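The block underneath contains the structure these notes are about, expressed in structure tokens.
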Amino acid sequence: MTAAGLLQVGIYLGVLLACVKPLGSYMAKVYSGSAPLLEGVVGPLERLLYRLCGVDKSAEMTWRQYALAVLAFSLASFIAVYAWQRTQGWLPLNPQALPAVSPDSAFNTAVSFTTNTNWQGYGGETTMSYLTQMLALTVQNFVSAAAGMAVLMALIRGFTRHTSHTIGNFWVDLLRGTLYIFLPLSLVLAPLLVSQGVVQTFAASHEVRLLQPTVDAEGKKVTTQAIAVGPAASQIAIKQLGTNGGGFFNVNSSHPLENPTPLSNFLELLAILLIPAALCHTFGELVGDRRQGWALLAAMLVIFAPLLASTTICEQSGNPLLAQLGADQAASDSQPGGNMEGKENRFGIANSTLWAVATTAASNGSVNSMHDSYTPLGGLVPMWLMQLGEVVFGGVGSGLYGMLLFAIVAVFLSGLMVGRTPEYLGKKLGAFEMKMASLAILFPCAMVLVGTAVAISSDSGRETIFNTGPHGFSEVLYAFSSAGNNNGSAFAGLGANTPFYNGLLGLSMLVGRFWVMLPVLAIAGSLASKKSVPVGPGTLPTHTPLFVVLLVAVVIVVGALSFFPALALGPIVEHLLMAAAL
Amino acid sequence: MTRTTTRLFDRKILLDAIAASFWKLDPRVQLRNPVMFAVYLGSILTTILWLHSLTATTGESSSFVLGVAIWLWFTVLFANFAEAIAEGHGKAQAASLKKSRTTVVARKLTGSAPGKHVQSEDVPATDLKIGDVVIVKAGETIPADGEVVEGVASVDESAITGESAPVVRESGGDRSSVTGGTRVISDWLVIQVRTLPGQSFLDRMIAMVEGAKRQKTPNEIALAILLAALTLIFLLVAATLLPYSIYSVQASGQGMAISLTVLVALFVCLAPTTIGALLSAIGIAGMNRLSQANVIAMSGRAVEAAGDVDVLLLDKTGTITLGNRQATRFIPASGTTERELAEAAHLASMADETAEGRSIAVLAKRQFGLRGRELERIQPHFVPFSARTRMSGVTLEGHEIRKGAAEAVETHVRSLGGFLPEDVRAAVQEIARSGGTPLVVSRDDLVLGVIELKDIVKGGIKERFAELRQMGIKTVMITGDNPLTAAAIAAEAGVDDFLAEATPEAKLSLIRDYQRGGRLVAMTGDGTNDAPALAQADVAVAMNSGTQAAKEAGNMVDLDSNPTKLIEIVNIGKQLLMTRGSLTTFSIANDVAKYFAILPAAFATTYPALKAFDLMRLSSPSSAILSAVIFNALVIIALVPLALKGVAYRPVGAAQLLRNNLLVYGVGGLGVPFIGIKVIDLLLSAVGLA
């Protein structure tokens, strides 16, 4: 790692951690029913929307009602996104006159955006009209993120309430998250991005003359290029903030009009982890013990930092095969050095690996470099971060509730080890909580393993694997790890826009979202109905370094034991083969 | 106390357990434990694969398949053995109990009122019904659990308590309960039957130790769910490895796809078989330990709850202090000598047969050598204690010597024209403040001084409370004393809190208050007035010497009637959980080494480069896989003693305990299999099996 790289990572983490407390406290207030500064501006809008939708904001829901509301809302969202795509050819704001999206791709995209995955089987600028980008995709960027946060709030209420049947009101949580958190932050971030050169226009694409004419695949001379534009900045802001990651353009944030400068890169990077990190503090404030939130954040950082370091070191040391051929991969004043294949020169190694690790730690999935071109071990890290269940920061809301599931398992184990019925934040954990936590951890895991198995065993799955050897296997494994854990980032190199992959990955995304959400809500309901046990000297503290270590161990061990064989046959053997070829 | 302890590996139990290991191969038995059932299916599958390999060329040596199959069967058998040996220990205890349950002939009283000369008829004990009244004479066995309605007798309860010294049972009071199967040694008892035959304590105890009524406890169920989920994950990991391997063979263009035998071996090694195999043995062993401590639990749930207790309510008398107050000091009034006071106190206590009275005589004798030798000569007239006067004493040679509570004596001397001197009043207050009980002594209208009676706190009890505090348990002393006295004793004994002037209602509401606050409350009790509180408490240990009502209300009965037994029960509850937790951690931590053994071996032909993971440098792929399977089976046997004895519990803080156990079972669990598998591999290649 170069000194400049280290400095940039340091500044990034410093700014991120500085934001955790103020933003976390603010979000805690939003979900507790107050919102300093914005109450006067947004309040009337909020009340108007309640009236329009006929929502009684004081009505409380049981966990089943809450779950039903989430499912109904997601289904309605899915239908809307699907319909927008299928009808875009007849609708306005379509300057490129793009036709309706194919049914399987539209299904996949609709699932992808309503599950906050934002896996993109399509290329944005060549598939989606501006209207679809805005009304279908950007809307989901807001509300699917807010839905994830709502479920987290329901779970937190499970911890804070006692002998209660209800866990809040989904509609209120959804709306307040959107209006008081995502909308204001996006309104700040989007103009900043525009100031850096991110486009925001309804104009059609620009036809420009190439400075250096070239020839296409058929040998014809190419002299002009279409520069795609569109209302990008408004979508990119929320795409980063809501851990969505679905790019306006096909190449996502490596596109110069989606992420033009180091500053825009920094802001977009910050936006990836901003809310997931701050939610830890929100959690701490809401459960009335901030140390609990810091402990969870510490656990996330303990996993994040070494993985970031290892990817960066792998990429910075470059490709040994190229070094053998005499390529200069050393960092110098004129070049970032290292393995620059698939990376943007304006970002270099550190900003690319930081993005790659952050975007897969959080279930964001946007990219500013091509993970497929990483060294085998450098590419293993993003893949494994997703396989850990998207709990290291993870998606907004979903990451933390996923981490809390692991915390429940860790508390259960440690409770047994100290000879006391396990209790977390004053709630005794019983068979029901274990059943639900097990289901939530089991299903995404199963989806990744089985999905990959089905894909590489079937002809339709193998047909579009473009790389040979273990790398081809890695690509399929990466795709299912991404979909099954609702990340959305792609290794690329895999032709995933086929009915087969659109369908199977779509299914994975549904399992990854709802087979975690529903057990989490069930746990919330069960916890809320329990009595609250006061902390005594026999209680195992869950804010100590010891507990953080145990929690990290549980996350790592479950992730490692489940995926070690698969990773061994993909990136690990690829690395060993590469080393053997020297 | 003598306890019926069996050695961990008694020859008879061992042989029976080995036989039972085979009986337990019945699929209906196996189905009860999902983890082991999966191994069981794996054993059947590999056996079929072995038979197949004999007739067809599968590319795999049939001796290797046989080796895996045999060791998988051993894995199942070892799990069965662990359960069987735990059950064996229970059965051995049950058998010794059953000896005392011989057919007894009961002498049922047929007349109306017991005690009047009524007729009795001999009936078999099994025909007795609740409410029947029987008479039991010296040398006879008590036919059923019941309540003494008449008579006093000494009873040999060694059959259930192991305690050879006989105990006294009498009608009324807190020693009126008798247990079927015990023997009257002297005198006779008239007993009213309170339980049906077959449901007596002895029967319940036998059922408990035999495991017939063992239900899974809440934490055991939760752990079983977690283990089942882990098993499922590893099943998927192993199952999906087949297509991954087929694809890899195509991708690399060399080698052979992973065989089913290796997949089954991998799955069994990864699945949490260690804890899965020992889970039921741990539970049974916990109950055995409890019955070895002479406690009958009505359910396993209660034992587990004991580990979670936050608040312990303890009766002062008998538990914290020695049975009774004792005189410790004479404080004379001014103008009276201490000896004069002691003499008067001694005389006033001559006929006082209460423990307090005797202790006054003892103190007087010790301090001044006083004896009651002149009594016959002076012809005393003793005045017994009465609730009305609240005094007792003696009238001799025309002098009225009285002792009693300060107010009572004051009223008495005033009526004679005397008064309570200020220095005596001050002494009375000082004694009360320090937790003692003042008794004022007077002769006619003159107040002579004060005797100080004090509760004597049991030796070593303070340390036990400190231990409880370390465990995170709050101790609360329950006493009928006034708050001042209670506070002083509480401070001396080192309890955290006390409830003074306790009535049954106050006890009940105290328990409810704690429970409302989310605390788990344990208490011990013996009297009928304890029953409501016992019924309300989460863990309620009734003394076997106590009344039937108390025993019915509790969820455990301590056959030794030792109130501090609760501490032992808490230990057993905690041990039960800790053993499960520690072995689960160990089991999962083991998987890391097994991956390093099996994966390079499984892909030796497809990706020889993966040999880099063969950290143990095992001699051959088949030896690597076989060694992992053998280790996995042997570790079960190796841990049986630990499962039976339980992980040691030490009263240190929760965090310290977790750190220790993580180090031993987590870090140890990572390292041990590396060594174990390597050693087995060396042995295998030494004897030329692989």
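Here the structure is a predicted model, which is why all the values come from computation and not from measurement. Protein chains get the first letters and strands the later ones, always in sequence-line order, with residue 1 at the start of each. Atoms considered below: every heavy atom in the structure, side chains included; atoms not considered: hydrogens, waters and symmetry mates.
Contacts between B:L223 and chain A at a heavy-atom distance below 4.5 Å involve backbone atoms as well as side-chain atoms. Heavy atoms of B:Q656 lying under 4.5 Å from chain A are absent altogether. Residue contact with chain A, scored on non-hydrogen atoms closer than 4.5 Å, involves the backbone and the side chain of B:I588 alike. Neither the backbone nor the side chain of B:V647 comes within contact range of chain A; no heavy atom of the residue lies under 4.5 Å from a heavy atom of that chain. With a threshold of 4.5 angstrom between heavy atoms, B:Y665 does not approach chain A through any atom at all. Proximity to chain A involves both the backbone and the side chain of B:I233, based on heavy atoms less than 4.5 angstrom apart. Both the backbone and the side chain of B:N661 have a heavy atom closer than 4.5 Å to some heavy atom of chain A.
Residues A:K531 and B:R516 fail the side-chain proximity criterion, which asks for heavy atoms closer than 4.5 Å. A heavy-atom distance below 4.5 Å is not found between the side chains of A:S457 and B:I246.
Between the B:Y244 side chain and the A:T452 main chain, no donor and acceptor come within less than 3.5 Å of each other.
Ring-plane geometry between B:Y247 and A:F473 is classed as tilted, the angle between the planes lying from 30 to 60 degrees on a 0 to 90 degree scale. The aromatic rings of A:F564 and B:F596 sit tilted, their planes meeting at an angle between 30° and 60°.
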